[in-house]
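To start, the structure under review is shown below, and the notes come after it.
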Amino acid sequence: MDKYIVAEVYEGVIFSWELAEKVIYEASEFYGSDIKISYITNRINSYSTIPRDWLNLFREFSKNVVSTAFVNYSGLGIKNYLVEKIFIRGKVGHFTHLMEAVEWTVYQHKKLNVENPTNA
């Protein structure tokens, strides 16, 4: 997608800074370094994050991130969201359906009048 990345992490993974660096690298290679993008985490599986690693992730990637959306399907996912949103700058949303997150994300781009070179 030209406005957002949907991430689905494997069951049981600990999503660390090392994994986040790979995501950042791949996104930069695909979209370019000047793109304005949103990140949607579709938590269909149970996995962990290291909250302090979110500081590194958003320090590195924050100039490009318009918004972050969390899609959770369980009570534990909602608890994780409440902790992780503390570390995130910018617009953050919580949803129980992926399409709601996508619609919200597209709205954030429109509201902020974000244009990317690929949209021209």
Side-chain angles (χ1 to χ4, degrees):
M1 302 299 167
D2 63 345
K3 294 183 180 359
Y4 57 90
I5 296 169
V6 177
E8 293 179 355
V9 178
Y10 289 118
E11 183 79 28
V13 165
I14 298 174
F15 195 70
S16 64
W17 172 240
E18 291 77 26
L19 291 176
E21 279 184 309
K22 292 177 185 177
V23 172
I24 292 169
Y25 174 78
E26 291 297 326
S28 295
E29 286 292 305
F30 185 81
Y31 290 105
S33 60
D34 295 331
I35 194 88
K36 296 296 183 190
I37 199 83
S38 291
Y39 181 77
I40 301 172
T41 178
N42 189 28
R43 294 196 163 169
I44 59 173
N45 296 312
S46 177
Y47 66 92
S48 314
T49 59
I50 302 172
R52 71 177 177 275
D53 284 0
W54 279 92
L55 291 173
N56 290 333
L57 174 65
F58 283 96
R59 204 174 298 131
E60 182 72 24
F61 206 46
S62 65
K63 67 180 168 75
N64 300 85
V65 176
V66 173
S67 63
T68 304
F70 292 83
V71 184
N72 291 300
Y73 304 94
S74 72
L76 179 59
I78 293 168
K79 289 177 186 175
N80 288 339
Y81 157 76
L82 292 172
V83 171
E84 291 167 356
K85 79 175 190 166
I86 294 168
F87 298 97
I88 300 172
R89 293 184 195 128
K91 295 289 184 178
V92 180
H94 179 261
F95 306 91
T96 55
H97 299 286
L98 179 58
M99 287 313 299
E100 291 173 346
V102 169
E103 290 168 3
W104 177 82
T105 296
V106 171
Y107 174 75
Q108 296 306 312
H109 280 259
K110 286 181 183 174
K111 186 168 94 172
L112 297 171
N113 199 26
V114 175
E115 290 295 326
N116 290 315
T118 58
N119 294 343

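What you see below is based on every heavy atom in this structure, not just the backbone, and it leaves out hydrogens, waters and symmetry mates. Fair warning: this is a prediction, and the values are worked out from it, not measured in the lab.
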Rounding to 0.5 Å, atoms CH2 (Trp17) and NZ (Lys22) come to a distance of 13.0 Å
Is it possible for you to say whether Ile35 and Phe30 belong to one hydrophobic cluster, with membership spreading through side-chain heavy-atom contacts below 4.5 Å? yes
What's the spacing between Ile14 CD1 and Leu19 CG if we round to 0.5 Å? 9.5 Å
At what distance, to the nearest 0.5 angstrom, does NZ of Lys3 lie from CD of Gln108? 13.0 Å
Among residues at least two apart in sequence or on other chains, which ones pass ring pair (Phe, Tyr, Trp, His ring centres under 6.0 Å) with Tyr81? Phe70, His94
For Ile37 and Tyr4 the tightest heavy-atom approach is CD1-N, 3.4 Å
Heavy-atom pair of closest approach, residues Asp34 and Asn64: C-ND2, 3.9 Å
Taking all non-hydrogen atoms of both residues into account, name the closest pair between Ile5 and Tyr31 and its distance. CG1-CE1, 3.8 Å
Closest heavy-atom pair and its distance - Leu112, Val66: CD1-CG1, 3.7 Å
Verify, without hydrogens or angle tests, whether Asn45 (side chain) and Val9 (backbone) share a donor-acceptor contact under 3.5 angstrom. yes
Enter the distance from Glu8:CD to Ile40:CD1 here, rounded to the nearest 0.5 Å. 10.5 Å
Does Ile44, at its CD1 atom, have more than 12 non-hydrogen atoms belonging to other residues, nucleotides or ligands within less than 6.0 Å? yes
Mind checking side chain to side chain contact (heavy atoms under 4.5 Å, CB included) for Ser46 and listing every partner two or more places apart, or none if nothing turns up? Glu11
Tyr39 to Ala7 - nearest heavy-atom pair and separation: OH-CB, 3.3 Å
For a quick test of reading the model, state the closest non-hydrogen atom pair linking Val71 to Leu98 and the distance between them. CG1-N, 3.8 Å
